[in-house]
Engineer: 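Before anything else, here's the structure in question.
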Amino acid sequence: MPDLRFLSPGIWLTAVLWCLSTAIHAGADISPHDSPERIVWRKVPIELSLVVGEERLVHFPDSVRAGLPRSLTAVLQAQSIHGTLYLHARQPFSSTRIMVHTQPEGPIYVLDIEAVVADTNTRTPPDVQVVPDLQAAHPEVDNEAGGHSSPWGYVALTRFAAQRLYAPQRLVPVHSGVVAVPVDPEPVDLVRNRKVRAVPVAAWKAGPYHVTAVQLSNLGYRTLILDPRGLQGAWLAATFQHNRLQPKGGEADTTAVYLVSDRPVDAALRERTGIRHVDVHP
């Protein structure tokens with residue numbers, strides 16, 4: 001992959017969003033299994049069973065690094081790419097505990113992993129999607145009536161999302177009160193009367209608010225000027241990384257929009273109440 005620092009802004013943006021989209025698609029496009037098994041992390045070790053010779057994917061909210069004990073280094077291959085842990089057992093082994101560290105700093109997940117040899121009764125286990133326990137981590141989310149409120153406003157959430165997409169990992173500050181939430185990486189009907197493909201690539205939640213980053217790509221052969229008033233859905237705020245899209249095939253035919261809502265993106269898209277605030281500036 002080329003060094004993104006030396007690419008033009010349009011190409012650099014496209015490359016970053018393509019990587020994010022690829023990472024989120026991993027569970028759906030790469031895995032041969034059914035829909036991932038959803039596990040809420042409540043600090044209880046997650047038990048995983050592997051089939052020797054078959055790869056199993058574990059998806060985390062953020063980038064992670066797995067620490068393997070010496071006893072597993074020869075029998076288990078573990079690769080971490082964009083928050084997805086790829087596990088491949090070469091030989092069977094009994095249940096062994098490994099630690100999965102969130103990068104740069106965050107929760108440490110505990111996995112108890114075993115590997116078995118397949119027989120006629122062995123079913124291929126589904127991939128796993130680990131999601132945070134929002135209520136335990138941030139009880140104020142469900143307790144606003146008790147006087148709790150989120151310090152995260154529209155501007156702060158938009159800037160946070162832009163940092164997570166574009167800033168180098170080592171420069172992204174650690175923020176408390178914001179957690180990643182899964183999104184369905186399928187095209188959505190977001191831009192009204194435009195030949196624009198819209199794909200959610202990442203989302204976060206802080207208190208009562210959600211912020212979702214959506215990749216926008218020009219499917220036509222004319223330059224488009226994006227207007228937040230043309231967005232469908234119930235949004236509290238919307239900010240474009242760039243509001244001008246070059247024709248399809250141009251180096252700047254792709255950008256991102258950051259959408260702030262008081263509900264998950266799929267629920268916000270089902271409403272047609274329009275945008276309340278615009279031009280937040282990330």
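Please read these numbers as outputs of a predicted model, since none were measured by experiment.
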Engineer: Report the hydrophobic cluster partners of Val117, with the cluster defined as I, L, V, M, F, W, Y residues connected by side-chain heavy atoms closer than 4.5 angstrom, directly or transitively.
Structural biologist: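 Noted: Val117 shares its cluster with Val52.
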
Engineer: Tell me, do Asp127 and His59 make a side-chain contact under 4.5 Å, heavy atoms counted?
Structural biologist: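 The answer is yes; the side chains approach within 4.5 Å.
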
Engineer: Could you pull out all residues at least two apart from Asp227 that satisfy salt bridge (Lys or Arg N to Asp or Glu O under 4.0 Å)?
Structural biologist: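 Arg229.
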
Engineer: Val257 and side chain to side chain contact (heavy atoms under 4.5 Å, CB included): which single residue from Asn243, Leu216, Thr239 fits?
Structural biologist: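 Of the listed options, the one satisfying the test is Leu216.
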
Engineer: Could you pull out the closest heavy-atom pair between Val44 and Trp41, with the gap in Å?
Structural biologist: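 Reported closest heavy-atom pair: O-CZ3, 3.2 Å.
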
Engineer: Same cluster or not: are Val110 and Leu76 linked, directly or through other Ile, Leu, Val, Met, Phe, Trp or Tyr residues, by side-chain heavy atoms under 4.5 angstrom apart?
Structural biologist: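 Yes, because Val110 and Leu76 connect within a single hydrophobic cluster, where side-chain heavy atoms sit under 4.5 Å apart.
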
Engineer: Going by the rule side chain to side chain contact (heavy atoms under 4.5 Å, CB included), which residues pair with Gln91 if we only count those two or more places apart in sequence or in a different chain?
Structural biologist: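 Partners of Gln91 by the side chain to side chain contact (heavy atoms under 4.5 Å, CB included) criterion, ordered by chain and then number, come out as Val75.
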
Engineer: Just checking, is any N or O donor in the side chain of Tyr258 or Gln241 under 3.5 Å from an acceptor N or O on the other one?
Structural biologist: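 A pair is found: one side chain offers a donor N or O, the other an acceptor, under 3.5 Å apart.
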
Engineer: With sequence neighbours left out, what residues match Arg97 under salt bridge (Lys or Arg N to Asp or Glu O under 4.0 Å)?
Structural biologist: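 With neighbours one apart ignored, the set is Asp112.
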
Engineer: Go through the side-chain N and O atoms of Asp189 and Gln232 and say whether any donor and acceptor fall under 3.5 Å apart.
Structural biologist: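 Yes, because at least one side-chain N or O of Asp189 sits under 3.5 Å from a partner of the opposite role on Gln232.
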
Engineer: Who are the side chain to side chain donor-acceptor pair (under 3.5 Å) partners of Ser217, not counting sequence neighbours?
Structural biologist: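 Ser217: side chain to side chain donor-acceptor pair (under 3.5 Å) contacts with Gln215, Thr254.
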
Engineer: List for me each residue that meets side chain to side chain contact (heavy atoms under 4.5 Å, CB included) alongside Thr212, sequence neighbours excluded, and say none if there are none.
Structural biologist: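 Side chain to side chain contact (heavy atoms under 4.5 Å, CB included) list for Thr212, sorted by chain: Pro200, Ala203, Val214, Val265.
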
Engineer: Can you confirm whether more than 12 heavy atoms, excluding those of Glu47, are under 6.0 Å from its CD atom?
Structural biologist: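 At most 12 heavy atoms, drawn from other residues, nucleotides or ligands, come within 6.0 Å of this atom.
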
Engineer: Just by modelled atom types, is the His88 backbone N or O under 3.5 Å from a matching donor or acceptor in the Arg56 side chain?
Structural biologist: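 No.
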
Engineer: Regarding Ser261 and His210, do their side chains bring together a donor and an acceptor under 3.5 Å, going by distance alone?
Structural biologist: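 Ser261 vs His210: no donor-acceptor pair found between side chains.
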
Engineer: My understanding is that only residues two or more places apart in sequence, or in another chain, count here; which of them pass side chain to side chain contact (heavy atoms under 4.5 Å, CB included) with Ala74?
Structural biologist: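 Partners of Ala74 under the side chain to side chain contact (heavy atoms under 4.5 Å, CB included) test: none.
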
Engineer: Answer with yes or no after comparing the ring centroid distance for Tyr209 and Tyr154 against a 6.0 Å cut-off, counting only values under it.
Structural biologist: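 Centroid distance Tyr209-Tyr154: below 6.0 Å, so yes.
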
Engineer: Which pairs with one or both residues in residues 82-95 pass salt bridge (charged side-chain N to carboxylate O under 4.0 Å, His left out), sequence neighbours excluded?
Structural biologist: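 Checked against salt bridge (charged side-chain N to carboxylate O under 4.0 Å, His left out) - neighbours excluded - no pair reaches residues 82-95.
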
Engineer: Show the nearest heavy-atom pair for residues Leu226 and His242, with the distance to one decimal.
Structural biologist: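 What the structure gives for the nearest pair is CD1-O, 4.0 Å.
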
Engineer: According to side chain to side chain contact (heavy atoms under 4.5 Å, CB included), who are the partners of Thr96, at least two apart in sequence or on a separate chain?
Structural biologist: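 Thr96 satisfies side chain to side chain contact (heavy atoms under 4.5 Å, CB included) with Pro69, Ser71, Leu72, Phe93 only.
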
